[in-house]
Amino acid sequence: MTIGLLSTIVAVFYGATISILALTATFARRRSLRREARSTLAVLVPGRAVEPQQADGAAVGPGS
C-alpha cells in the first residue's frame, strides 16, 4: 500500500467521523448525546472552543 493511498483512506475516515459527529451534535434527540458529540468534536477539530457546561444548562456569564 502506498503512502498516498493510506493517507486518502485516513482522510476519508476522519471526514466521515467528523460529519457523523456534527450531525449527531445538531440533530440528536437527547441532550446528553448532543453534548457528548460536541465535546468529541472539540477534541477532534483543532481550534474549536469548548463552552463550559452547568448542571442546569444555564449559560455561564462574567457575573456568575
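FYI, side chains are in, hydrogens and waters are out, and symmetry mates aren't considered; it's all heavy atoms of this structure. Fair warning: this is a prediction, and the values are worked out from it, not measured in the lab.
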Which side-chain N or O atoms in residues 4-19 pair as donor and acceptor under 3.5 Å with protein atoms at least two apart or in another chain?
residue, atom, partner, partner atom, Å
Ser7, OG, Ile3, O, 2.9
Thr8, OG1, Gly4, O, 2.8
Tyr14, OH, Leu44, O, 2.6
Thr17, OG1, Phe13, O, 2.8
Ser19, OG, Gly15, O, 2.8

- Report the distance from atom OG1 of Thr24 to atom CD of Glu36, rounding to the nearest 0.5 Å. 11.5 Å
- Within the side chain of Arg34, is there an N or O that forms a donor-acceptor pair under 3.5 Å with the backbone of Ala25? no
- Message: Holding to side chain to side chain contact (heavy atoms under 4.5 Å, CB included), I want the full list of residues that pass it with Arg29, two or more places apart in sequence or in another chain.
- Response: none
- If you measure from OG1 on Thr40 to CD1 on Ile20, what distance do you get to the nearest 0.5 Å? 12.5 Å
- Note on the structure: All heavy atoms of Ala37 vs all of Leu21, minimum pair found to be CB-O, 3.7 Å
